[in-house]
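Notes follow once the structure below has been shown.
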Amino acid sequence: MVTIRLHNGKTRMKEVFVPIDPMNVRVYVCGPTVYDRAHLGNARPVVVFDTLFRLLRHVYGAGHVTYVRNFTDVDDKINATALARKEAGAAGTLEALIAERTEETIRWYHEDMDALGALRPTHEPRATAYVGQMIAMIAELVARGHAYARDGHVLFRVRSFAEYGRLSGRSVDDMIAGARVEVAPFKEDPMDFVLWKPSDDSLPGWQSPWGRGRPGWHIECSAMSLALLGASFDIHGGGIDLQFPHHENEVAQSCCAHPEAEFARVWMHNEMLQVEGKKMSKSLGNFFTVRDLLGQGVPGEVIRLVFLGTHYGRPMDWTAEKAGQAEATLRKWRAMVAGVQPSAPSGAVVAALADDLNTAGAIAELHALAAAGDAAGLKASAGLMGLLQDDMGGWAEAGVDLAPYAARLAALRAAAMETKDFAPVDAMKAALLAAGVEVRMSKAGVEVLPGPGFDAAKLEGLL
RNA sequence: GGCGGGUUGGCGGAGAGGUUACGCAGCGGAUUGCAAAUCCGUGUAGACCGGUUCGAUUCCGGUACCCGCCUCCA
């Protein structure tokens, strides 16, 4: 059995991973709020935890890992979008417009994440399907004295949970000193956070013991992880930005509702993504979605390889140069593994991944396999990382049969060898290069392959 | 202000208390009609200042700088 070591954000140490139940390893990762296309930053945790999912499936068996990633479809941004559509004259009730918006966004999300080679999680629960469970958990928290109702709101009583702040390394008193918390008259303590809030008629709402309302953001993950993975599970993941307050609040809710359990044993946080050295933001003008990149012709597999080139715990910089290098690497590897039956993943690659998802180290091992000419091992090992899969390699293929061009060039070359006039050969070669075709001539013959920027249209008239 | 992370060779980016990371680029050579691809060889880096040690880029402390979160833009 491969020993997996993971950096546990709860203990701040790298620990040997021991599942609660090796027959059912359970992972929960915070998913997207489905109000718009996923931007590139949203994709990082998807790729990181997909790699973890693949590793766990490899080690414990594909049928022995349960991976849950939620869709947050209760959110004021979604409401705002739907409301705007309604005011613009869209037909249907607000609820219908909201459902339409979330359905549409989930479809986009799936398309985009599929393109990155991410496996679909075992379960992708939608918050709206678990409001009953959320209400039950909130009621439990109230009954246990960890929450209180005021003015149609229900708030979590932060002072009732001594461990509050441990995950994110903060103390309640320090945070209040920072004074960047919303002070509301109905709060007992400024740090208390909302479990339930009232909805007026313009907002979606559910009936509850506290009136018609909707859940606060944090409770959904506590309720859905409980429903799908149980009160204790193995790994909880998400972006480091979620560590506080989201994950801290999840811990508080879940541990107070189920003090007998341990909630998540291991916490994993991926660091943030940057673009050309800067934070991606709309104001800097460097904000873009996964779909934008795909639309520009950057293959999902290239995005994936770039992501995996940096350890998940470090900030990752997306640059055009990296994308170019990743594309060149993948073209080389794909040419090598074409038509090859994968063998078993290399032990060195598995070992690297098992060492707290050292994907950069694993990629170095892929290079070693390529250098050693082990195409079968390369294909299998890359497959473990979601790379070089048959179903995502279309981008590297020419789409047209280049064999006639190779034959033509070979004929010209053979003639030139006799006449010593290489001008016609060079002319054709230049034209092929201009079309993005890689030309290799050797004693053995002529090879032509699609290269970066390949454009079939530019091949017109070359035959 | 509070909390957390980072600083590695031209660029990207890892591991390890003491032997080559790796990739890209570069340089030299082989090969080639010329190239490309390939093969061989090549670089000796670790912000700064101290400490621990036989020995630190790797451990500890401090300084500087950078970044993120604390503002439901991951």
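These numbers come from a predicted model, not from an experiment. Per chain, numbering begins at 1; letters A, B, ... match sequence-line order.
- One can place CE of A/Met272 at 10 Å from P of B/rC70, the figure rounded to the nearest angstrom.
- When each of B/rG33, B/rA14, B/rC24 is scored by its nearest atom to the side-chain atoms of A/Asp426, the top-ranked nucleotide is B/rG33.
- At whole-Å resolution of the value, NE2 in A/His269 and P in B/rC67 are 23 Å apart.
- In the interface, the side chain of A/Lys429 is paired with the base of B/rC34 through a donor and an acceptor atom under 3.5 Å apart.
- Between B/rC72, B/rC11, B/rG13, one nucleotide has an atom nearer to the side chain of A/Ala360 than all others, and that is B/rG13.
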Residue pair A/Glu103, A/Arg101: steps toward the salt bridge (charged side-chain N to carboxylate O under 4.0 Å, His left out) verdict: CA-CA 6 Å; A/Glu103 288 294 342; A/Arg101 179 60 174 175; over 6 Å; no
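- Listed candidates were B/rA14, B/rC72, B/rG33. Nearest to the side chain of A/Val425 is B/rG33.
- For the pair A/Arg44 CZ and B/rC69 P, the computed distance is 13 Å after rounding to whole Å.
- Crowding of A/Arg5 atom CZ: a count of heavy atoms from other residues, nucleotides or ligands under 6.0 Å not exceeding 12.
- Comparing B/rC73, B/rA21, B/rG6 against the side chain of A/Ala364 picks out B/rA21 as the nearest.
- Nearest to the side-chain atoms of A/Lys322 among the listed nucleotides B/rG12, B/rA14, B/rG33 stands B/rG12.
- To the nearest angstrom, P of B/rG15 lies 13 Å from CD of A/Glu365.
- Across B/rG33, B/rC24, B/rA14, the shortest atom-to-atom separation from the side chain of A/Asn358 is found for B/rA14.
- Proximity of A/Arg12 to the phosphate of B/rG4: no side-chain N or O atom is located under 4.0 Å from OP1 or OP2.
- Between the P atom of B/rU31 and the CZ atom of A/Arg440 lies a distance of 20 Å, rounded to the nearest Å.
- In this structure, A/Gly41 reaches the bases: a heavy-atom distance under 4.0 Å links it to at least one base atom across the strands shown.
- Rounded to whole angstrom, the span from the CZ atom of A/Phe244 across to the P atom of B/rG68 amounts to 19 Å.
- A/Gln274 places its CD atom 19 Å from the P atom of B/rC73, with the value rounded to the nearest Å.
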Would A/Asn70 and A/Tyr130 count as a side-chain hydrogen bond (donor to acceptor under 3.5 Å, both in side chains) if you check the C-alpha gap in whole Å, the side-chain angles of each, and the deciding distance to 0.1 Å? CA-CA 11 Å; A/Asn70 65 294; A/Tyr130 287 83; over 6 Å; no
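- Comparing B/rC69, B/rC73, B/rC34 against the side chain of A/Phe287 picks out B/rC73 as the nearest.
- Within the 4.5 Å cutoff, the side chain of A/Phe71 has no heavy atoms near those of the A/Thr102 side chain.
- Between A/His247 atom NE2 and B/rG68 atom P the separation is 20 Å, expressed in whole Å.
- The listed nucleotides are B/rG68, B/rC22, B/rG13; the one nearest the side chain of A/Lys279 is B/rG68.
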